[in-house]
Amino acid sequence: MRKVAIVGIGQTPVREHWQSNLRDLAVSALRDAMDDAGVETLDGVTVGNMLSGALSEQEHLGSLIVDYAGLDGVEGMKIEAACGSGGAAIRMAVKAVASGLMDTVGVVAVEKLTEYSGNHSTAALATAADADYETNMGLSFVGINALLMRRYMYEYKYDKRDFAVFPVNAHMNALHNPNAMFHFPIDTDTYASSKPVADPVSLLDASPIADGAAAVIVVAEEMVDRFKGKPISILACEVGTDTLALDNRKNPLWLRGVERSVKKAYYIAGVKPSDISLFEAHDAFSIMSALSLEASGFAEAGQGLRFAAETGVGIKGGLPMSTMGGLKGRGHPVGATGVYQVVEAIMQLRREVPAEIQVPDIKYAMTQNIGGSGATVITSILKCLNS
Amino acid sequence: MDIPRYWRLKDQRYKLQGTKCNGCGHLSFPPRLVCPECKSRDYSDYRFKGRGTLYTYTIIYQAPDRFDDQAPYLVGLIDLEEGVRVTAQLTDMTLEEARIGMPLEMVIRQIYEDGARGPILYGFKFRPPFNRENR
């Protein structure tokens, strides 16, 4: 297997892009990444997206985006793994390059969620869950996370306010990220008094749905000298899976998909949890941050919240998280999120982020993108090439 | 959900019918063609009794389209006596009555109406046991 690096990144701001369509968002991010890398053409393009069919009545994104990006005739295909689509698209590119089948692959992940009203989007997002046995019982995707949060609070004796650590940190960091959706700080009181969406999950537990696109250019590490962008090694990009339905898991509070993904990633990258300098977790909901910390080996079962409070997840904390706002503060353009996470980790490694949110000592950055309630998990570990 | 799909699920929706692995005896709901434990493809239909306890629950305030007129409502995960967990709405109780560990029994209820002219879809929900001594 060849070693793999990323030599170009691009992103659009995460917003309600009422005036932009899906293809233009994707093309902007992809061409920005190509400009950053200094490439004119690509061997292939993988497109991460979840809901173009349901919300934009548009599938067949691969060829559409390749055409509009000025890459006539290049192979392009959509990769879908619910909210994990972006990470999955990177995984496919890494496989293509590592195997030697392709040298230069563009990954662009895009989501356009503001095509419809909120309730319709709620129904579309719920397709990440088991349609016949979860969604059709009236369960929303937020509801699934609420089921986890309630049980977690019950088993480990936490109060709702204990979860504030994650959204408060995310909003604090997003303040300095110009591409983030939210630019206002929150405190524990605002968090605790926000209105319930699916009790006990309230508005400030939940990441906002939004539009956006992000892109990376994945190449063989032996070829990085041909490109302009500062190269970052992608040491591991590994997938773990679990049952789609929450009720089919013996212990829903232990994310086996995360554990499977992260164990492979640590092994392949040759690192352990204590080597990680920053962790971009899939903080779609506060409870997911806690469960991800535990299944990723940073904290024991039930100790995720305690770990966050004691170790510190702020920029200068023991394990900086959501450093550019995370899903909660930057926004969660569902299928695009996994690529935003990697783009942000690369900006941190390149030291290209605003001083207020630059993680000071950084060697290994870890991103973790989760599809559904943990059914598809993609963990990537990145570091500066030759450092 | 369209009629053929709902019709296909009638044994699950009305009878809580899953599968029992003829290899190792593992019980599954929903039905599975391959046993998740011993990987056997030899199975029989198995009808769950529909009694259990509440593992966790949520109150849905912002509901998907077709459930919008029911909000707020309760959805829970129920640990069946046979050792299998299922997802269902909770009914015949107030929002405040729900508590983890409470006993529940299956009942057939209307799930939703598919628009003004569409079919009314039925299926299982769970309620506190009708015999109040067990509550």
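Residue numbers start from 1 in every chain, and the chains themselves are labelled A, B, ... in the order their sequence lines are given, proteins ahead of strands.
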Undergrad: What part of A/Lys250 is in contact with chain B, defined as an atom under 4.5 angstrom from a non-hydrogen atom: side chain, backbone, both or neither?
TA: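 Answer is both: backbone and side chain atoms of A/Lys250 are under 4.5 Å from chain B.
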Undergrad: Are B/Leu77 and A/Leu246 side-chain neighbours, meaning at least one heavy-atom pair lies under 4.5 Å?
TA: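 Answer yes - side chains close enough.
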Undergrad: With a 4.5 angstrom heavy-atom cut-off, which part of B/Asp65 approaches chain A: side chain, backbone, both or neither?
TA: both
Undergrad: Can you give me the closest heavy-atom contact between B/Gln89 and A/Met137, atom names plus distance?
TA: CG-O, 3.1 Å
Undergrad: Do you know which of A/Ala124, A/Pro196, A/Ala146 has the most heavy-atom pairs with chain B at a distance under 4.5 angstrom?
TA: A/Pro196
Undergrad: Which region of B/Gln12, side chain (C-beta onward) or backbone (N, CA, C, O), has a non-hydrogen atom less than 4.5 Å from a non-hydrogen atom of chain A, or is it both or neither?
TA: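 Only the side chain of B/Gln12 comes within 4.5 Å of chain A.
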Undergrad: I want to check something: taking the side chain as every heavy atom from C-beta on, are A/Pro200 and B/Ile59 in contact at a cut-off of under 4.5 Å?
TA: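 Not touching, per the 4.5 Å side-chain cut-off.
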Undergrad: Taking atom CZ of A/Arg151 and atom OH of B/Tyr57, what is their separation to the nearest 0.5 Å?
TA: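 Going from CZ on A/Arg151 over to OH on B/Tyr57, the span is 11.5 Å.
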Undergrad: Can you confirm whether A/Tyr133 sits close enough to B/Leu9 that some side-chain heavy atom of one is under 4.5 Å from a side-chain heavy atom of the other?
TA: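 They are in side-chain contact.
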Undergrad: A/Val197 versus chain B, heavy atoms under 4.5 Å apart: side chain, backbone, both or neither?
TA: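 A/Val197 touches chain B through backbone and side-chain heavy atoms alike.
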Undergrad: So what's closer than 4.5 Å to chain B heavy atoms on A/Thr135: side chain, backbone, both or neither?
TA: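 It is the backbone, since no side chain atom gets that close.
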Undergrad: Atom NZ of residue position A/Lys160 - does it have more than 12 heavy atoms of other residues, nucleotides or ligands inside 6.0 Å?
TA: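 Counting neighbours around NZ of A/Lys160, more than 12 heavy atoms of other residues, nucleotides or ligands fall under 6.0 Å, so yes.
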Undergrad: B/Arg66 versus A/Asn136: any side-chain heavy-atom pair under 4.5 Å?
TA: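 Touching, per the 4.5 Å side-chain cut-off.
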Undergrad: Count the heavy-atom pairs under 4.5 Å between each of B/Phe124, B/Tyr55, B/Tyr73 and chain A, then report the option with the highest count.
TA: B/Tyr55
Undergrad: Any side-chain heavy atom of A/Pro252 sitting closer than 4.5 Å to one from B/Arg85?
TA: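 Of all side-chain heavy-atom pairs linking B/Arg85 with A/Pro252, at least one is under 4.5 Å.
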Undergrad: Let me confirm one number: the CG-CZ distance from A/Asp132 to B/Arg5, rounded to the nearest 0.5 Å.
TA: 4.5 Å
Undergrad: With heavy-atom distances below 4.5 Å as the criterion, would you say the side chains of A/Thr122 and B/Gln62 are in contact?
TA: yes
Undergrad: Below 4.5 Å from any heavy atom of chain A, which atoms of B/Tyr61 appear? Answer side chain, backbone, both or neither.
TA: both
Undergrad: Using only heavy-atom distances, determine whether the side chains of B/Thr87 and A/Asp247 contain a donor-acceptor pair under 3.5 Å.
TA: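 Present: a donor and an acceptor within the cut-off.
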Undergrad: When heavy-atom pairs shorter than 4.5 Å are enumerated against chain B, which of A/Lys195, A/Met149, A/His120, A/Glu134 gives the highest number?
TA: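 It is A/His120.
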Undergrad: Can you tell which part of B/Arg8 gets under 4.5 Å to a heavy atom of chain A, answering side chain, backbone, both or neither?
TA: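 Contact with chain A involves no heavy atom of B/Arg8 at all.
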Undergrad: Any donor and acceptor pair, going by atom type alone, linking the side chain of B/Thr58 with main-chain N or O of A/Asp199 inside 3.5 Å?
TA: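 Checked: pair present.
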Undergrad: Would you say the side chain of A/Leu139 lies within less than 4.5 Å of the side chain of B/Ile60, judging by non-hydrogen atoms?
TA: yes
Undergrad: I'd like to verify something: which residue of A/Ala123, A/Gly138, A/Ala198 has the highest number of heavy-atom pairs under 4.5 Å with chain B?
TA: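 The residue among A/Ala123, A/Gly138, A/Ala198 with the greatest pair count is A/Gly138.
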Undergrad: Taking the side chain as C-beta and beyond, is there a heavy-atom pair between B/Ile100 and A/Tyr154 under 4.5 Å?
TA: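 A side-chain contact exists here, since the closest heavy-atom pair is under 4.5 Å.
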Undergrad: For atom CD of A/Glu300, decide whether the heavy atoms of other residues, nucleotides or ligands shown that lie under 6.0 angstrom number more than 12.
TA: no
Undergrad: Just wondering, are more than 12 heavy atoms of other shown residues or ligands nearer than 6.0 Å to NZ in A/Lys263?
TA: no
